[in-house]
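Structure first, commentary second.
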2 protein chains.
Amino acid sequence: MAQIKDVAKQAGVSVASVSRVMAGHAGVSEATRQRVLDAVQALDYRPDLAARRLRSRRTDTIGLIVSDIRNPFFTEISRAVEDVAYQHRMRVILCNADEDPEKEALYLDLMRDENVSGVILSPTLPTLVRFRSSDYPFPVVLVDRCDRDTAADAVVLDNVDSAYRLTAHLIERGYRRIAFIYGVTSATGRQRHEGYVTAMATHGLETLAKGVPATVEAARAAASELARSRPLPDALAASNGLILLGLTEALREAKLRFPQPIALAGFDDLPWTRLVEPGITVIAQPTYDLGQAAIDLLLQRIAHPAQSVRRVVMRGELIERGSSAKRGG
Amino acid sequence: MAQIKDVAKQAGVSVASVSRVMAGHAGVSEATRQRVLDAVQALDYRPDLAARRLRSRRTDTIGLIVSDIRNPFFTEISRAVEDVAYQHRMRVILCNADEDPEKEALYLDLMRDENVSGVILSPTLPTLVRFRSSDYPFPVVLVDRCDRDTAADAVVLDNVDSAYRLTAHLIERGYRRIAFIYGVTSATGRQRHEGYVTAMATHGLETLAKGVPATVEAARAAASELARSRPLPDALAASNGLILLGLTEALREAKLRFPQPIALAGFDDLPWTRLVEPGITVIAQPTYDLGQAAIDLLLQRIAHPAQSVRRVVMRGELIERGSSAKRGG
DNA sequence: ATAATATTTGTAATCGTTTACAATTTATTT
DNA sequence: AAATAAATTGTAAACGATTACAAATATTAT
């Protein structure tokens with residue numbers, strides 16, 4: 001493998017000049033620039049990244065810590081982050097923390113070891129409540145999950161409003177006993193719960209909410225229980241895609257069709273929500289955009305460490321389908 | 001940040017001893033080992049990875065190049081690879097090549113720049129036919145896609161056999177005009193097509209196969225066309241999950257239910273195949289296991305560069321659901 | 001033409017480890 | 001107890017770039 005000194009020799013210049021050309025720095029004449037470029041080409045020279053990273057103390061790497069890449073929401077986020085990162089010649093280290101605060105801490109430690117330029121984090125609730133940017137030697141952008149008063153760059157959905165609109169939609173369609181099954185351990189679940197509660201209260205209805213661990217199994221169990229309760233709820237709403245899947249499976253098992261005797265709605269416009277007859281009403285999240293906004297924000301922060309803290313809030317879009325058709329209509 | 005020399009001073013030993021202890025090398029007395037460990041603890045010393053990588057010429061990083069992480073198949077693969085990699089204190093660089101040979105080449109080049117320890121690759125057809133291990137300065141394990149005569153470590157499904165079994169199942173259920181829609185640009189699509197053709201021929205049936213780009217849209221278009229053709233096929237079979245989704249959407253749109261007037265089956269046991277009434281018959285791939293086997297193989301290869309070339313073939317499992325219920329039964 | 005300034009170039013130190021090799025200490029054999 | 005072998009330790013040279021800083025050259029102003 002050719003090294004920088006080989007290039008320097010070939011081009012008849014010093015290693016400093018080669019380095020400057022490679023880095024695209026100013027202050028090098030067009031003549032030498034061309035000679036260096038020719039030499040680079042001739043020798044097929046590629047700078048050694050390890051050496052560069054050691055000396056320059058920059059890794060051009062960012063960390064992405066999510067609960068599980070298999071969650072389609074995070075799959076899409078990760079794709080967006082990687083797209084933008086590679087466009088900026090940065091690398092991404094992806095970590096699955098499995099909703100486990102200890103793993104989260106472990107991976108954040110790893111980020112320190114890797115000397116990353118920045119981190120995008122979707123924190124568990126315990127990590128979120130304790131979160132202080134100053135605890136980390138790198139900038140952090142929160143994505144998807146964030147408290148009202150967390151002092152950190154963040155990109156999130158308008159969770160409270162979206163849940164409000166979803167609930168109001170069900171009410172408007174004539175449903176009254178609306179049960180809300182939500183992930184109690186997550187910030188988003190709680191915020192969406194808040195939107196649900198507000199909507200129900202505004203319309204003078206009693207709430208019927210059930211917090212569960214955010215897994216398909218837990219949601220299925222909760223829905224099975226609700227399916228056996230009397231009086232039966234009119235409608236079931238889920239705070240995210242995983243839970244919605246659990247509800248759908250449970251209703252199917254209990255042979256309860258929707259919208260009659262029970263309507264169904266939830267978060268996340270996954271491919272199957274369109275396929276399951278007669279289609280499931282959902283709040284669609286602009287997932288790719290959320291990821292893109294997160295990495296954009298992080299890159300900005302890396303470039304300007306002192307800029308003021310930013311929060312990007314994106315709007316969820318209600319997609320009405322058959323599962324919430326007008327009651328008795 | 002504490003450096004190795006600080007630790008050495010604190011422990012009253014040389015930097016070499018510290019390095020040896022950190023690397024877990026033999027040939028250091030228990031006494032100094034303990035002193036070093038104490039000093040490390042006291043100073044919260046973490047070795048600088050950039051320096052270590054420069055000097056040792058090892059990055060403990062592996063590359064994973066797939067078409068698109070949003071394909072649930074690759075999502076699962078990537079999760080498996082990351083799980084095992086982190087267990088071995090290795091990092092993963094994930095790349096989405098979007099079925100584009102040029103991007104693939106680009107990313108393989110990037111892997112060289114990163115000086116990775118090895119790569120797991122799911123190649124496009126053009127890359128596969130040209131593939132020679134010796135073209136790369138790192139070991140490569142192919143996953144999902146591999147030719148009969150490619151001389152490289154690989155982990156794949158028994159594509160031909162699985163497609164044969166899926167087709168035979170439809171035949172056994174009484175279907176005769178079975179159309180096979182497959183990804184013509186991929187190695188797996190072609191192999192599965194081969195299994196389909198063999199099964200049809202064995203049973204003295206005429207084939208009705210349609211190769212398409214492996215996208216939901218292309219599959220939908222192909223299925224719409226088939227749905228308008230006369231005589232109508234008895235059954236539609238898809239060579240992968242994306243195509244199966246396209247077929248399902250097209251049938252839905254054409255208001256054709258399954259299994260009557262048209263049966264449906266395909267590859268990949270995605271969550272929605274269970275939910276769409278009356279359930280879709282599929283070949284389930286042991287996806288996580290495939291990923292795990294790939295990284296296991298790669299780690300072995302890294303440890304023993306000269307060991308003989310290995311191929312791991314895993315069996316697909318037929319899951320019978322309502323979409324292929326006995327005809328007229 | 002000279003001085004002052006701006007631009008371009010080169011030299012050499014530096015980033016923080018690992019590791020070859022030599023030196024030392026400890027254990028074993030005679 | 002001396003000689004030999006084995007185990008442990010330390011010294012210093014890498015690894016291959018970047019980047020202060022100084023030196024050289026080119027440009028502009030007087």
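In what follows, every chain begins at residue 1, and chains take the letters A, B, ... in the order their sequences are listed. Atom set for the values below is all heavy atoms of this structure, side chains included, hydrogens, waters and symmetry mates excluded. Remember, predicted model here, so these are calculated numbers, not experimental data.
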N-O pairing of R52(A) and E114(B) below 4.0 Å: no

Taking the axis from the first five pairs and the axis from the last five, what angle separates them in the helix from dA1(C)-dT30(D) to dT30(C)-dA1(D), rounded to 10 degrees? 30°

Is any N or O donor-acceptor pair between the side chain of R55(B) and the base of dT17(C) shorter than 3.5 Å? no

Scan side-chain atoms only and decide if E104(A) and T127(A) contain a donor-acceptor pair under the 3.5 Å cut-off. yes

To the nearest Å, give me how far apart CG (D113(B)) and P (dA17(D)) are. 11 Å

Can a side chain N or O of R52(B) be found less than 4.0 Å away from OP1 or OP2 on dT18(C)? yes

For R130(A), look at atom CZ and say whether over 12 heavy atoms of other residues, nucleotides or ligands are found less than 6.0 Å away. no

DNA chain D nearest-nucleotide lookup for M22(A) and E30(B): closer to the 5′ end is E30(B)

For residues T150(B) and L128(B), determine if any side-chain heavy atom of one lies less than 4.5 Å from a side-chain heavy atom of the other. yes

Report the distance from atom CD of Q3(B) to atom C1' of dT17(C), rounded to the nearest whole Å. 9 Å

Between R46(A) (CZ) and dA17(D) (P), how many Å, whole number? 12 Å

Ignoring hydrogens and angles, answer whether the base of dG10(D) and the side-chain atoms of R20(B) contain a donor-acceptor pair closer than 3.5 Å. yes

Taken to the nearest whole Å, CE/M1(A) to P/dC15(D) is 14 Å

dG16(D), OP1 or OP2 - any side-chain N/O from R57(B) closer than 4.0 Å? yes

So, does T32(B) get its side chain near the phosphate of dT9(D), meaning an N or O under 4.0 Å from OP1 or OP2? yes

Checking all strands, does S17(A) fall into the base, sugar-phosphate, or nothing category for heavy-atom contacts under 4.0 angstrom? sugar-phosphate

Between P on dC15(D) and CG on D6(A), what's the gap in Å once rounded to a whole number? 12 Å

Select one nucleotide: of dG10(D), dT19(D), dG16(C), the one nearest the side-chain heavy atoms of A51(B). dG16(C)

I need the CZ-P distance between R35(B) and dT9(D), as an integer number of Å. 10 Å

Side chains of C95(B) and V66(B): closer than 4.5 Å at any heavy-atom pair? no

Could you tell me whether the side chains of Y86(A) and N96(B) share a donor-acceptor contact shorter than 3.5 Å? no

Under 4.0 Å from OP1 or OP2 of dT9(D): is there any side-chain N or O of S29(B) that close? yes

Contacts of A16(B) and L54(B) projected onto DNA chain C by closest heavy atom; the upstream (5') one is L54(B)

Closest-nucleotide mapping onto DNA chain D: is S56(B) or G27(B) further toward the 5' terminus? I mean the 5' end. G27(B)

Tell me, do P123(B) and F131(B) make a side-chain contact under 4.5 Å, heavy atoms counted? no

Check the distance between dG16(D)'s P and K9(A)'s NZ and give it to me in whole angstrom. 14 Å

Have T75(B) and S78(B) got a donor and an acceptor in their side chains that come within less than 3.5 Å? no

In this structure, how many angstroms lie between the P atom of dT17(C) and the CZ atom of R53(B), rounded? 13 Å

